K.L.:
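Got a structure here, written out as C-alpha cells. Questions coming.
Worth saying up front: this structure is predicted, and the values here are computed from it rather than measured.
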Amino acid sequence: MTEKKNRSDPRATEVTHQQVLQSGSAWNDQPYQAYPVGKPQITVMRMSLPAHSELPWHTHPVPNTAFVLSGRLTIEDKESGERFHAGAGEALNETLNRAHRGYTTDQPTELVIFYAGVEGEELSLPLPGEEAEY
C-alpha cells in the first residue's frame, strides 16, 4: 500500500532551508583574516550548559561558529566588557585570540559548535589560572 502525501502541508512535500549566518567576522565585528595553516580538521561539538552557569575565560585560535539549539547564551569580552546575546535558532561567530566567556541566566542552553581548525591545534585555550573550557 502506498501512502499519499498531503499536498496542502508544505512540510510533507517540500525541502526548505534557511541561512542562519554568513559572515567574515566575529560577533563583535573582529574580521577573520585567514584560516589556520595545516591539514584541515573540522570539529563539531555539542555543549550543554545548565541555567546560571558560566564557562571559564578562554580564547580560540581557530574560527568557530556556535548554533544555539535551545535556551540563551551570552558571550562576554574580557577586555571591553562588551556582550552579545544569542537565543534558540541563532548562530554566532566567536572571536579569535580574544579572551571571552559564555554564560547562561535562567535557562539551560544547548549549543552545537563548528570549529574550522587544523590537525594538532587546540580548539580552546584557557587563560592562565582558568580551567579548560572542556
K.L.:
Find the distance between CE (Met45) and OH (Tyr115) and round it off to the nearest 0.5 Å.
P.N.:
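The CE atom of Met45 sits 5.0 Å away from the OH atom of Tyr115.
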K.L.:
Is there a chain of hydrophobic side chains (I, L, V, M, F, W, Y, each step under 4.5 Å between heavy atoms) that links Leu123 to Leu55?
P.N.:
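Yes: a chain of side-chain contacts under 4.5 Å links Leu123 to Leu55.
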K.L.:
Tell me, with the steps shown, if His60 and Ser124 meet side-chain contact (heavy atoms from CB on, under 4.5 Å).
P.N.:
CA-CA 5 Å; His60 298 288; Ser124 178; 3.9 Å; yes
K.L.:
How long is the gap from CG on Asp77 to CZ on Arg101, to the nearest 0.5 Å?
P.N.:
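With rounding to 0.5 Å, CG (Asp77) is 11.0 Å from CZ (Arg101).
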K.L.:
Rounded to the nearest 0.5 Å, what separates atom OG in Ser23 from atom CG in Leu92?
P.N.:
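If we round to the nearest 0.5 Å, Ser23:OG and Leu92:CG are 10.5 Å apart.
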K.L.:
So, does Glu94 use its side chain to make a donor-acceptor pair with the main chain of Ala66 at under 3.5 Å?
P.N.:
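Such a contact is absent between Glu94 side chain and Ala66 backbone.
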K.L.:
Which heavy atom of Gly117 sits nearest a heavy atom of Pro36, and at what distance?
P.N.:
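Taking Gly117 first and Pro36 second, the nearest heavy atoms are CA-CG, 4.5 Å.
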K.L.:
Kindly indicate, with the supporting measurements, whether the criterion side-chain contact (heavy atoms from CB on, under 4.5 Å) is fulfilled by Val112 and Val44.
P.N.:
CA-CA 7 Å; Val112 174; Val44 179; 3.6 Å; yes
K.L.:
How about OH on Tyr32, more than 12 heavy atoms from neighbouring residues, nucleotides or ligands closer than 6.0 Å, or not?
P.N.:
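Yes, the 6.0 Å shell around OH holds more than 12 heavy atoms from other groups.
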K.L.:
Hey, does the side chain of His85 reach the backbone of Thr74 with a donor-acceptor pair shorter than 3.5 angstrom?
P.N.:
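Flag not set: sc His85 to bb Thr74 has no pair under 3.5 Å.
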K.L.:
Donor-acceptor check, side chain of Thr104 to backbone of Pro50, threshold 3.5 angstrom: yes or no?
P.N.:
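Pair found, side chain donor or acceptor close to backbone of Pro50.
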K.L.:
Keeping the roles fixed (side chain from His17, backbone from Val15), state whether a donor-acceptor pair exists under 3.5 Å.
P.N.:
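No; judged by distance alone, with no hydrogens or angles, the pair does not exist.
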K.L.:
List the steps, then state whether side-chain hydrogen bond (donor to acceptor under 3.5 Å, both in side chains) holds for Asp106 with His52.
P.N.:
CA-CA 6 Å; Asp106 296 336; His52 305 288; 3.3 Å; yes
K.L.:
Just one of Thr65, Asn28, Asn64 clears the side-chain contact (heavy atoms from CB on, under 4.5 Å) bar with Asn93, so which one?
P.N.:
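With Asn93 as partner, Thr65, Asn28, Asn64 yield a single side-chain contact (heavy atoms from CB on, under 4.5 Å), made by Thr65.
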K.L.:
Walk me through whether His58 and His100 qualify under side-chain contact (heavy atoms from CB on, under 4.5 Å).
P.N.:
CA-CA 6 Å; His58 61 279; His100 65 280; 3.2 Å; yes
K.L.:
Examine distances only and state if a side-chain atom of Ser70 and a backbone atom of Ala88 form a donor-acceptor pair shorter than 3.5 Å.
P.N.:
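Absent.
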K.L.:
Could you measure the distance from the CD atom of Glu133 to the OG1 atom of Thr59? Nearest 0.5 Å is fine.
P.N.:
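OG1 of Thr59 is found 9.5 Å from CD of Glu133.
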K.L.:
Could you state the interatomic distance from CD (Glu110) to CE (Met47), rounded to the nearest 0.5 Å?
P.N.:
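With rounding to 0.5 Å, CD (Glu110) is 10.5 Å from CE (Met47).
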K.L.:
More than 12 non-hydrogen atoms from neighbouring residues, nucleotides or ligands closer than 6.0 Å to CD on Glu130, yes or no?
P.N.:
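Atom CD in Glu130 is packed in, count exceeds 12.
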K.L.:
I'd like to know whether CD of Glu90 has more than 12 heavy-atom contacts from other residues, nucleotides or ligands below 6.0 angstrom.
P.N.:
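Atom CD in Glu90 is packed in, count exceeds 12.
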K.L.:
I need the Thr95 OG1 to Ile75 CD1 distance, nearest 0.5 Å.
P.N.:
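Separation between the atoms: 8.0 Å.
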